[in-house]
Amino acid sequence: MARSRREHDDAVRITTAASSRNADIATRQKRYLWSMSLRSACFVGAVVAALADINWLWPILIAGAIVLPYIAVVLANAATTRTDAFQLRDGAGAHPELSGGPGPRD
């Protein structure tokens, strides 16, 4: 028995295929780790700036350390999607590219 085929079945192109789940999780973990490392550097920098009497710098670094966890979570949860603007041609045989010619020669 033949399988029924849907009329508007979208083809999956390799350029738009999603990466594997493990690769996606690894990428998200790396982004989160970098953001949290930057947050830790902000805290350490704020302490050093306060001890060095740089009174204008430590509040900026503390503000960065407070905001970075939110940014880190948003970046870690952002899904990577691939899209492109061009459409594939219709299925094979729908629009032949070569004409049949004048016919068989006798």
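The analysis underlying the following values was restricted to heavy atoms, covering all of them including side chains, and did not include hydrogens, waters or symmetry mates. Keep in mind that what you see is a predicted model, and the values were worked out from it rather than measured.
In this structure, the side chain of Arg39 engages the main chain of Ala65 through a donor-acceptor pair within 3.5 Å.
Of the candidates Ile54, Asn55, Ile60, Trp58 forms a side-chain contact (heavy atoms from CB on, under 4.5 Å) with just one, namely Asn55.
Proximity of Phe43 to Ile62: side-chain heavy atoms (C-beta onward) are separated by under 4.5 Å at one or more points. The side-chain heavy atoms of Tyr32 and Val73, taken from C-beta on, include a pair separated by under 4.5 Å.
Separation of atoms CD (Gln29) and CG (Asp24) is listed at 10.0 Å; rounding is to 0.5 Å. Rounded to the nearest 0.5 Å, atoms CD1 (Ile66) and CG (Leu61) are 11.0 Å apart.
In terms of hydrophobic clustering, with Ile, Leu, Val, Met, Phe, Trp and Tyr side chains grouped at heavy-atom distances under 4.5 Å, Leu57 and Leu51 are assigned to different clusters.
Nearest heavy-atom pair, Cys42 versus Gly64, reported as atom, atom and distance to 0.1 Å: SG-C, 4.5 Å.
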